[in-house]
Protein chains: 2
Amino acid sequence: MSGIEDVALRAGVSKATVSRALSGRGYVSSVTRNKVENAASELGYVVSSNASSLVTGRTNNVGVIIPVINQWFFGSIIEGVERALIERGYDLMLYNLTKNTEARSRVFEYFLVRKRVDAIIAVTLEISPDEAASLLALGKPIAGIGGPLAGIPTLSIDDVAAARLATEHLIALGHRNIMHVGGDSAELMDFHVHSKRLQGFMDALGAAGLPFSDESYVATHFDIPGGYAAGKQILGDPRRRPTAIFAAADEVAIGVILAARELGISVPDDLSVIGIDNHPLADLFGLTSIAQKPAKQGEQAVDLVIRQLETAGWTPPNIHTTVPAQLVMRSSTSAPRAGAPR
Amino acid sequence: MSGIEDVALRAGVSKATVSRALSGRGYVSSVTRNKVENAASELGYVVSSNASSLVTGRTNNVGVIIPVINQWFFGSIIEGVERALIERGYDLMLYNLTKNTEARSRVFEYFLVRKRVDAIIAVTLEISPDEAASLLALGKPIAGIGGPLAGIPTLSIDDVAAARLATEHLIALGHRNIMHVGGDSAELMDFHVHSKRLQGFMDALGAAGLPFSDESYVATHFDIPGGYAAGKQILGDPRRRPTAIFAAADEVAIGVILAARELGISVPDDLSVIGIDNHPLADLFGLTSIAQKPAKQGEQAVDLVIRQLETAGWTPPNIHTTVPAQLVMRSSTSAPRAGAPR
DNA sequence: CCGAATCCTGAGAGCGCTCTCGGTATCGAA
DNA sequence: TTCGATACCGAGAGCGCTCTCAGGATTCGG
């Protein structure tokens, strides 16, 4: 591996000039720049990012902490973040922070601290005050997806509003007997998503003068099998059956639809179903949904940290930014059957 | 940020001793080690990995190149790789290498080369000879998932054998009219998976003396909607309808099942369906499948590169390793109906 | 035509570590 | 006692860059 010295020699200039020519910082005549570039490519030279980081203090790495990878929402975020980072010349260091406390503390105490990243993007991170403090103490730009999170700029859809929007859609269609299938709030990785979506559901019911009881709500796993199980449970008893279900996520909604189909319950004739996310499978199931774009949220989070990094003194304007979420109507929702129980 | 000097001062020892104490290399008395550790934690000191990398030449980073993130197979690999890397003290740098040639060449020419990673794990990477050469030229340990790939140790299930196993299962049940729904071989990211699974299908048919024609095979997108579309197409015409379908992946198989349900075709009574992967949703759909464990493959790939990194002179024994794949029987396959068309 | 501003380049210090090398202390075997 | 092996520690070189600083060349307005 050839070093900067070799390039300098070959180009007949000094190390300093090579550095300037290749990094684009400082004055270099175009003639010299060409010489240097030629020499560099002839030697297959490429700057050692370690050496350069050592003096500049910049690593050109951004750490991403994420609780799950293998789920549409999270996978999309990673894709968005990666794309945006590479485009700007940064590398992505991935930390999959599960509930596992051992690996967890390891990441916090060991990896993130080692001056390996310039900034951190934390995705739906449910962190303890200690952990938050240690993140902040790094003095590095941080952005969160989810939130709000004390002291950290975050962005997400307005979960309460989205849930209310979904519920209101059902109410507007004429439904009066609506149930909610949400996430299990015992699950760590939720950033209070579950409780907020439940809240929005309750708000909408309340505003419409509809009753809410324990019977109006079922918690389950946040995936298709979870929705399926909940669907089977809810729809099993014909007399209790609601005319509409608001699922807290499209995966859950799809599970509900599958359960309904299996029970011979027609969607939307016998049962309307709405979810949140606008998952790629929503189309296949004709699922009405509240759309959000996690990949875009990832890009925005990158913006947030990179801007802090590159424009001195800039700090994010709001502590929490709400990104848009809109109703996408498909065929899983309609007015309840005329003779439906109320 | 305090440096090693500060710790040395506070502990009353030299920089060299601090380095030894903290890195665990070389002789340090336990008394001294304690002093150093205390001083370090009191100061909140943590070694600069850049400075250390600069002299050791090791970054403790492993680059992972992967074509997709948001799919079960790939997401699981990332999870497995990440877990295994963190456990061993390495960080994961993620490069999502799509077909997009711009970002692609960027990763190859710019990122990977910059001495930022100690090793590379390439997942189902369909690379050009040039790209392969540039990877090898880095002189860094590489492992691939998929393959085989010239000059690079790889690991994967035996796709031909897995496909044959799936097909043989159908044949053994008595099916004679079997179709295959596979991936579109025009898609870049496939490492010839599609053609290999088709091959295994053909092999099995041939061995059983069953005919293969253009009609025996449909290519589609490698996901649930793709399987659904293919299913609709295949199952639409009752007279052409096979008694069994071998789908090249569980997502595709699930799509086929959904299509069948919609057409009122009973699985497995009217149609047997088998896939490959043992996807988490396979259970929900009762899908018989050939199981593989991508997360484990990820861990094995990590093993491969880390061992090369840490045990001098060690090189991977085989150029390509086959990992096991087994039949998992569920309820989507059975003997064909007695009066079924042959 | 002169001084100031601008452009271009090189010498060399130093980023924060690790590692070699040499020196001292300890200890068991000869 | 002597000697070699082993344990422990410090001084200082150097990893491969970037950046400051100083100096020379060039341009330009007055």
Side-chain angles (χ1 to χ4, degrees), chain A residues 1-37 39-40 43-61 89 110 113-118 138 310 312, chain B residues 1-40 43-61 89 110 113-118 138-139 310 312:
Chain A
M1 286 292 145
S2 47
I4 199 174
E5 188 84 56
D6 307 310
V7 181
L9 241 52
R10 181 174 256 257
V13 297
S14 69
K15 290 192 312 179
T17 301
V18 174
S19 176
R20 275 188 294 254
L22 262 27
S23 71
R25 275 177 298 245
Y27 294 116
V28 180
S29 74
S30 55
V31 197
T32 316
R33 167 168 289 115
N34 275 333
K35 278 195 296 188
V36 172
E37 278 168 357
L43 292 172
Y45 168 79
V46 52
V47 14
S48 152
S49 65
N50 278 319
S52 133
S53 291
L54 181 55
V55 25
T56 59
R58 310 290 295 286
T59 63
N60 283 297
N61 281 151
Y110 183 64
V113 181
R114 292 178 76 205
K115 300 158 190 165
R116 325 195 89 220
V117 295
D118 292 338
L138 297 179
E310 298 188 345
Chain B
M1 285 293 148
S2 47
I4 198 174
E5 187 84 59
D6 306 311
V7 181
L9 240 52
R10 181 174 256 257
V13 297
S14 70
K15 291 190 313 178
T17 300
V18 174
S19 176
R20 274 189 293 254
L22 262 27
S23 71
R25 275 174 298 244
Y27 294 116
V28 179
S29 74
S30 56
V31 198
T32 315
R33 168 168 287 113
N34 275 332
K35 279 194 295 186
V36 172
E37 277 166 358
N38 289 335
L43 292 172
Y45 169 79
V46 52
V47 9
S48 153
S49 64
N50 278 318
S52 134
S53 292
L54 182 55
V55 25
T56 59
R58 310 290 296 282
T59 63
N60 283 296
N61 281 149
Y110 183 63
V113 182
R114 293 178 75 202
K115 299 157 190 164
R116 323 196 92 219
V117 296
D118 292 338
L138 295 179
E310 298 188 345

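Below, read A as the first sequence line, B as the second, and so on, with proteins coming before strands; counting in each chain starts at 1.
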[X] [atom1] to [N] [atom2], straight-line distance once rounded to whole Å:
X: A:Asn50; N: D:dT18; atom1: CG; atom2: C1'; answer: 14 Å
X: B:Asp6; N: C:dG16; atom1: CG; atom2: P; answer: 9 Å
X: B:Lys15; N: C:dC15; atom1: NZ; atom2: P; answer: 10 Å

Donor-acceptor list for residues 12-19 of chain B side chains, cut-off 3.5 Å, not counting sequence neighbours:
residue	atom	partner	partner atom	Å
B:Ser14	OG	B:Ala16	N	3.4
B:Ser14	OG	B:Thr17	N	3.3
B:Ser14	OG	B:Thr17	OG1	3.2
B:Thr17	OG1	B:Arg20	NH2	3.4

Are B:Glu37 and B:Leu22 packed together at the side-chain level, in the sense that at least one heavy-atom pair is separated by less than 4.5 angstrom?
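Contact flag for B:Glu37/B:Leu22 side chains = yes.
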Within residues 52-60 of chain B, find the residues that approach DNA chain C with a heavy atom at under 4.0 Å, and present them sorted by residue number.
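Output list: B:Ser52, B:Leu54, B:Val55, B:Thr56.
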side-chain hydrogen bond (donor to acceptor under 3.5 Å, both in side chains): pairs with one or both residues in residues 45-54 of chain A, sequence neighbours excluded
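Sorted pair list: A:Ser49-B:Arg116.
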Phosphate-side-chain proximity, B:Ser29 and D:dC9, N/O vs OP1/OP2 below 4.0 Å
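Answer yes for this pair, as a side-chain N or O of B:Ser29 is under 4.0 Å from OP1 or OP2.
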Using only side-chain N and O atoms of B:Ser14, determine if any of them is under 4.0 Å from OP1 or OP2 of D:dG10.
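So the side-chain polar atoms of B:Ser14 do come within 4.0 Å of the phosphate oxygens OP1 or OP2 of D:dG10, strictly under.
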Select one nucleotide: of [options], the one nearest the side-chain heavy atoms of [X].
X: B:Arg25; options: C:dT9, C:dC19, D:dC9; value: C:dC19
X: A:Thr17; options: D:dA11, C:dT9, D:dC9; value: C:dT9
X: A:Arg20; options: C:dC17, D:dT20, C:dT20; value: D:dT20
X: B:Val13; options: C:dT6, D:dG10, D:dT6; value: D:dG10

For B:Val28 versus B:Ala21, what's the shortest heavy-atom pair and its separation?
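Scanning both residues, the minimum pair turns out to be CG2-N, 3.7 Å.
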Shortest non-hydrogen contact from B:Asp118 toward B:Asn60
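Minimum heavy-atom separation between B:Asp118 and B:Asn60: OD2-N, 2.7 Å.
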Return whichever of B:Ala51 or B:Tyr27 has its heavy-atom-nearest nucleotide of DNA chain D closer to the 5' end.
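On the 5' side of the pair lies B:Tyr27.
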